[in-house]
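Have a look at the structure below before the remarks.
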Amino acid sequence: MQKTSNGMGWLFTSPYVLFGIIFFFIPLIWSLFLAFTDWNLISPEFNFVGFSNFIDAIKSPGVQAAFFNTYKFLIIYVPIVVALSLTVAIVVNGLPKFKGFYLIGFFLPYLSSGVVSSLIVNGILSYNGPLNTFLREKMGINIDWLGTPTAALIVVSFMLAWKFTGYYGLILFSGLAGINKEIYEAAAIDGASRWQTLWKITIPQLYPALYTVLILAIGVSFGIFTEVYQLTGGGPNNATNTWQMEIFTRAFTNLQAGYASAIALIAAVVTFVSIYIIRKLIELWGKRNGWS
């Protein structure tokens, strides 16, 4: 009986195991191998170069820019998307009806193509686009949104926030639905203000969902590519360059597959360590406030 149960377990898990082997384990081993070579993605010949790819990557301005830009995006994007998604969840949760309709409306940007969204934003923010035309003609202001480092960072961050607000809002809305309404009724009887209710009841009760949203949003900050590729190409002057953008450029534009593999491994380590540390800090924050 035990052998039969084990066999059925392996049978049902085999698709996932095969998927992991084919699309994760084998590419990981191949990437580790390439990181120590100078393969150019086309030629069947290559040479082993030891750790020179890693050393060159660490010294590279593009990699250094990607490292710091990731945390800049994190600082700008994460607070914005968490605040917006929490607002959406609370507002929709307070509606008397048609909650699902509004949630679907906010969720649609998440389902849209990043390429299409980027093209629309690029058109709106172009020199002759509606926004710049209005600012020039009505207010005498001319802003190069995608050609100015700070402005480009903010544009990409807000675009990502717009895309993920509905998705994270849905998660938070599910968390709000699980809070016992009697707690709010008791707080209202005691004369608690809206701010007190939010900070003393909603946030603590919503901590598991907030924790999930924070980790997901932080993960997005380390994986930005489509929006940067379409809007800025990593510019101006590497101001919006990201790990994925640097890997793509090195591998498919400069044909430095070995070098790109080394960057990918460095990015993986930085991402893992950063998210692990941030996750522990969030957990510590939650424990100190008695939320977890």
Less than 4.5 Å apart, side chain to side chain, heavy atoms only: is that true for [X] and [Y]?
X	Y	answer
Thr226	Val115	yes
Ile203	Leu210	yes
Thr133	Pro130	no
Phe252	Ile247	no
Ile58	Val63	no
Ser117	Met159	yes
Phe134	Met139	yes

Which side-chain N or O atoms in residues 172-180 pair as donor and acceptor under 3.5 Å with protein atoms at least two apart or in another chain?
{"residue": "Ser174", "atom": "OG", "partner": "Leu170", "partner atom": "O", "Å": "3.0"}
{"residue": "Asn180", "atom": "OD1", "partner": "Glu182", "partner atom": "N", "Å": "3.0"}

Please report the interatomic distance [atom1]([X]) to [atom2]([Y]), rounded to the nearest 0.5 Å.
X	Y	atom1	atom2	result
Phe67	Phe222	CZ	CZ	8.0 Å
Ile263	Phe248	CD1	CZ	13.5 Å
Thr148	Ile143	OG1	CD1	8.0 Å
Phe23	Leu18	CZ	CG	10.0 Å
Ile183	Lys200	CD1	NZ	14.5 Å
Leu198	Leu206	CG	CG	9.5 Å

Could you walk me through whether Leu216 and Phe164 pass the side-chain contact (heavy atoms from CB on, under 4.5 Å) test, one step at a time? CA-CA 10 Å; Leu216 289 174; Phe164 285 94; over 6 Å; no
With side-chain contact (heavy atoms from CB on, under 4.5 Å) as the criterion, how do Asn47 and Thr37 come out once you've worked through the C-alpha distance, each side chain's angles and the decisive distance to 0.1 Å? CA-CA 5 Å; Asn47 299 307; Thr37 71; over 6 Å; no
Checking [X] now: which residues fulfil side-chain hydrogen bond (donor to acceptor under 3.5 Å, both in side chains) with it, not counting sequence neighbours?
X	result
Ser31	none
Trp39	none
Gln256	Arg250

Can you see which heavy atom on [X] is nearest to which on [Y], and at what distance?
X	Y	answer
Asn241	Glu246	ND2-OE1, 2.8 Å
Ser118	Gln230	CB-CB, 3.3 Å
Ile224	Phe73	CD1-CG, 3.7 Å
Gln64	Lys59	NE2-O, 3.5 Å
Ile171	Ala209	O-CB, 4.0 Å
Gly147	Pro236	O-CG, 3.3 Å

Let me check something: any side-chain donor-acceptor pairs from residues 274-282 under 3.5 Å, sequence neighbours excluded? List them with distances.
{"residue": "Ser274", "atom": "OG", "partner": "Tyr71", "partner atom": "OH", "Å": "2.5"}
{"residue": "Ser274", "atom": "OG", "partner": "Val270", "partner atom": "O", "Å": "2.7"}
{"residue": "Arg279", "atom": "NH1", "partner": "Glu283", "partner atom": "OE2", "Å": "3.0"}

Could you tell me whether a side-chain N or O of Asn53 sits under 3.5 Å from a main-chain N or O of Ala35, the two making a donor and an acceptor? yes
Can you find a side-chain donor-acceptor pair between Trp243 and Asn69 that sits under 3.5 Å? no
Could you check whether atom [atom1] of [X] has more than 12 heavy atoms from other residues, nucleotides or ligands sitting under 6.0 Å from it?
X	atom1	answer
Asn237	CG	no
Tyr102	OH	no
Phe225	CZ	yes
Lys99	NZ	yes
Phe33	CZ	yes
Lys181	NZ	yes

Apply the test side-chain hydrogen bond (donor to acceptor under 3.5 Å, both in side chains) to residues Thr70 and Ser221: give CA-CA distance (whole Å), side-chain angles for both, the deciding distance (0.1 Å), then the verdict. CA-CA 6 Å; Thr70 296; Ser221 302; over 6 Å; no
Could you go through Asn142 and Leu135, starting from their C-alpha distance and side-chain angles, then the distance that decides it, and tell me whether this counts as side-chain contact (heavy atoms from CB on, under 4.5 Å)? CA-CA 7 Å; Asn142 187 16; Leu135 291 175; over 6 Å; no
Honestly curious: do [X] and [Y] fall in one hydrophobic cluster under the side-chain, below-4.5 Å linking rule?
X	Y	answer
Ile215	Trp285	yes
Leu103	Tyr110	yes
Ile154	Leu131	yes
Val155	Phe68	yes
Leu32	Ile22	no

Under the ring-ring contact (aromatic ring centres under 6.0 Å, His included) test against Phe36, which residue among Phe48, Phe54, Tyr259 passes? Phe54
The residue among Asn122, Asn238, Thr240 that forms side-chain hydrogen bond (donor to acceptor under 3.5 Å, both in side chains) with Thr232 is Thr240
Donor-acceptor pairs under 3.5 angstrom involving side-chain atoms of residues 74-86: please list them, not counting sequence neighbours.
{"residue": "Ser85", "atom": "OG", "partner": "Val81", "partner atom": "O", "Å": "2.8"}
{"residue": "Ser85", "atom": "OG", "partner": "Val82", "partner atom": "O", "Å": "3.0"}

What verdict does the side-chain contact (heavy atoms from CB on, under 4.5 Å) test give for Leu146 and Val121, after you've listed the backbone C-alpha separation in whole Å, the side-chain angles of each residue and the deciding distance to 0.1 Å? CA-CA 10 Å; Leu146 302 177; Val121 171; 5.8 Å; no
What verdict does the ring-ring contact (aromatic ring centres under 6.0 Å, His included) test give for Tyr16 and Phe19, after you've listed the backbone C-alpha separation in whole Å, the side-chain angles of each residue and the deciding distance to 0.1 Å? CA-CA 5 Å; Tyr16 179 78; Phe19 179 88; 7.0 Å; no
